Amino acid sequence: MSWRTIVVSSASKLDYQLGFLVVRGEETVKIHINEIEMLIVESTAVSLTAYLLNELIRHKVKVIFCDEKRNPSSELLPYYGSHDTSTKIRHQMEWRAEEKAAVWTEIVTEKIRQQADLLAELHKPEEALLRKYLTEISFGDETNREGHAAKVYFNALFGKDFTRSEECPVNAALNYGYSIILSLFTREITANGYITQIGMFHDNMFNPFNLASDLMEPFRPIVDRMVIHIMPDVFEKDEKHKILELLNKEIHINGHTEYLGNAVKIYTRSIFEALNDKDVSLIKFYDYEL
């Protein structure tokens, strides 16, 4: 089972040798590919061999490339993540609007519940309003309780003047964390044979990750919790590495304690089961453990 997140942050050459990722920099380090869940290439002074990239794809390792500011800018995705990809995509195209709306209702409800739980941990009085919104969610969230909850929630966490469009270290940290979570979901979607472009609620023609954007919503408060505890005055290399520690967090799901990456796998597969079997009771949500 893969569990390691490897971050390459300095000039080096990466290649493949007898089942190992070999990092050749000031020192040479070898890591068995079967142990790697995610590889983050943080420096633009890194070179990789095509052979290594093919092996990483074959072993379903999530590979994220960063830009010159060390922010995630792209990722490596396989064309075919499953032996029955064609069948899975046909099923995806056949999901009915009613089933998608039912699953989306559950996702939105869980997202707001997780947000309310975080406000309760922080003893924020706005928790009560989010609990009220939970009782008002309509089918498919037609009344947009999610949007109303988001405004109350972020103002409670970061102040009345805070907006998600503002350029500041807090938003930089949030966006960095969300991009990591999003990449976990794109990996699982493709590994299960589905395509990320076709979502349930998100349907932006310019967003190649609509389905991942749908599925990740209840996991956003995990990032929010991390950011509120570090509250960065700047967001540079050290702060980014602190955010990456969320990948080592343990959460409860399906009766077990799992690392975040494994929890995403369990949850994602349960969403597909719910959609294909038309049964939202199959969805497995998580409980966070500090």
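What's counted below: heavy atoms across the whole structure, side chains too, no hydrogens, waters or symmetry copies. Just so it is clear, the structure is predicted and the values come from calculations on it, not from any experiment.
Using a 4.5 Å heavy-atom cutoff, the side chains of Arg187 and Glu37 are in contact. Side-chain contact between Met226 and Ile243 is present, with at least one heavy-atom pair separated by less than 4.5 Å. For the pair Met231/Ile228, a side-chain contact is recorded, criterion being any heavy-atom separation below 4.5 Å from C-beta on. With a 4.5 Å cut-off on side-chain heavy atoms, Ile198 and Met93 count as touching. For the pair Glu146 and Ile137, the minimum side-chain heavy-atom distance is 4.5 Å or more. Annotation: side chain of Tyr16 is not in contact with side chain of Asn54 (no heavy-atom distance under 4.5 Å). With contacts defined as side-chain heavy-atom distances shorter than 4.5 Å, the pair Phe65/Leu48 qualifies. Between Tyr178 and Arg220 there is a side-chain heavy-atom pair separated by less than 4.5 Å.
When all heavy atoms of Ala212 and Leu182 are compared, the pair lying nearest together is CB-CD1, 3.5 Å. Scanning both residues, Gly193 and Ile89, for their nearest heavy atoms gives O-CG1, 3.6 Å. Scanning both residues, Pro72 and Ile180, for their nearest heavy atoms gives CG-CD1, 4.4 Å. Closest of all the heavy-atom pairs between Glu166 and Asp161 is OE1-O, 4.4 Å. For Met38 against Ser183, the heavy-atom pair with the smallest separation is CE-OG, 3.8 Å. Val46 approaches Ser10 most closely through the heavy-atom pair CG2-O, 3.5 Å.
Side chain of Asn171 to backbone of Thr163: a donor-acceptor contact under 3.5 angstrom is found. A donor-acceptor pair is defined here as one N or O able to donate and one able to accept, closer than 3.5 Å; such a pair exists between the side chain of Asp67 and the backbone of Lys69. The backbone N or O of Val108 lies less than 3.5 Å from no partner atom in the side chain of Arg145, so there is not a single donor-acceptor pair. Looking only at distances, a side-chain donor or acceptor of Thr105 sits under 3.5 Å from a matching main-chain atom of Gly140. Within the 3.5 Å criterion, the main-chain N or O of Asn34 finds a donor-acceptor partner in the side chain of His32. At least one donor-acceptor pair closer than 3.5 Å links the side chain of Asn210 to the backbone N or O of Gln197. Judged purely by atom type and a 3.5 angstrom limit, Ser12 has no side-chain atom pairing as donor or acceptor with the backbone of Glu26. Between the side chain of Asp84 and the backbone N or O of Thr87, no donor-acceptor pair lies under 3.5 Å. Formation of a donor-acceptor pair under 3.5 Å by the Thr268 side chain with backbone atoms of Lys265 is not found in this model. Not one N or O on the side chain of Arg70 forms a donor-acceptor pair closer than 3.5 Å with the backbone of Glu236.
The residue from Asn254, Leu260, Asn262 that alone fulfils the side-chain contact (heavy atoms from CB on, under 4.5 Å) condition with Glu258 is Asn262.
Between the NZ atom in Lys132 and the CD1 atom in Ile112 there is a gap of 12.0 Å [rounded to 0.5 Å]. With values rounded to the nearest 0.5 angstrom, Leu52 atom CG is found 5.5 Å from Ile33 atom CD1. To the nearest 0.5 Å, the span separating NZ on Lys151 from CZ on Arg164 amounts to 13.5 Å. Between the NZ atom of Lys249 and the CD1 atom of Ile251 there is a distance of 11.5 Å, given to the nearest 0.5 Å. In this structure, CD in Glu188 is found 12.0 Å from CG in Leu211, a value given to the nearest 0.5 Å. Within the model, atoms CG of Leu130 and CD of Gln114 stand 12.0 Å from one another, a figure rounded to the nearest 0.5 Å.
Taking 4.0 Å as the cut-off between side-chain N and carboxylate O, Lys242 and Glu239 do not count as a salt-bridged pair.
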(request) Tell me, with the steps shown, if Ile107 and Met200 meet side chain to side chain contact (heavy atoms under 4.5 Å, CB included). (result) CA-CA 11 Å; Ile107 288 174; Met200 294 178 292; 3.7 Å; yes
(request) Evaluate the salt bridge (charged side-chain N to carboxylate O under 4.0 Å, His left out) criterion for residues Glu110 and Arg113: first the C-alpha distance (whole Å), next the side-chain angles of each, then the deciding distance (0.1 Å), finally the verdict. (result) CA-CA 5 Å; Glu110 181 62 17; Arg113 186 183 74 81; 2.6 Å; yes
(request) With side chain to side chain contact (heavy atoms under 4.5 Å, CB included) as the test, would you mind laying out the steps for Ile189 and Phe272 before giving the verdict? (result) CA-CA 9 Å; Ile189 291 167; Phe272 294 143; 4.0 Å; yes
(message) Applying side chain to side chain contact (heavy atoms under 4.5 Å, CB included) to Lys111 and Gln115, what does each step give before you reach the verdict?
(response) CA-CA 6 Å; Lys111 178 184 180 181; Gln115 290 175 329; 3.6 Å; yes
(request) Test side chain to side chain contact (heavy atoms under 4.5 Å, CB included) on Phe209 and Leu77 and set out the steps. (result) CA-CA 12 Å; Phe209 307 120; Leu77 288 174; 4.0 Å; yes
(message) Pair Glu127, Arg131 - check salt bridge (charged side-chain N to carboxylate O under 4.0 Å, His left out), show working.
(response) CA-CA 6 Å; Glu127 174 207 352; Arg131 302 289 184 197; 3.1 Å; yes
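The 12-atom threshold is exceeded at NZ of Lys284, counting heavy atoms of other residues, nucleotides or ligands nearer than 6.0 Å. Remark: Tyr259 OH is loosely packed, at most 12 non-hydrogen atoms of other residues, nucleotides or ligands lying under 6.0 Å away.
Note on Ile40 and Phe20: separate hydrophobic clusters, where clusters join Ile, Leu, Val, Met, Phe, Trp and Tyr whose side-chain heavy atoms are under 4.5 Å apart, directly or indirectly. Hydrophobic clustering (ILVMFWY, side-chain heavy atoms < 4.5 Å, transitive): Val29 and Leu21 are in one cluster. Taken together through direct or relayed side-chain contacts under 4.5 Å among Ile, Leu, Val, Met, Phe, Trp and Tyr, Phe139 and Trp95 form parts of separate hydrophobic clusters. Both Val63 and Ile57 are assigned to one and the same hydrophobic cluster, defined by single-linkage of ILVMFWY side chains at heavy-atom distances under 4.5 Å. Residues Leu282 and Val280 are members of separate hydrophobic clusters, defined by side-chain heavy-atom contacts under 4.5 angstrom among Ile, Leu, Val, Met, Phe, Trp and Tyr.
Below 30°, between 30° and 60°, or above 60°: for Tyr267 and Phe285 the angle between ring planes is between 30° and 60°, a tilted geometry. In this structure, His148 and Tyr133 have tilted ring planes: the angle between them lies in the 30° to 60° band. Aromatic ring pairs are classed by plane angle as parallel below 30°, tilted from 30° to 60° and perpendicular above 60°; the pair Phe154 and Phe162 is tilted.
A donor atom on one side chain and an acceptor atom on the other are found under 3.5 Å apart for Asn71 and Lys240. Side-chain polar atoms of Thr186 and Glu75 form a donor-acceptor pair below 3.5 angstrom.
Ring centroids of Tyr286 and Phe219 are separated by less than 6.0 Å, placing the two rings close together.
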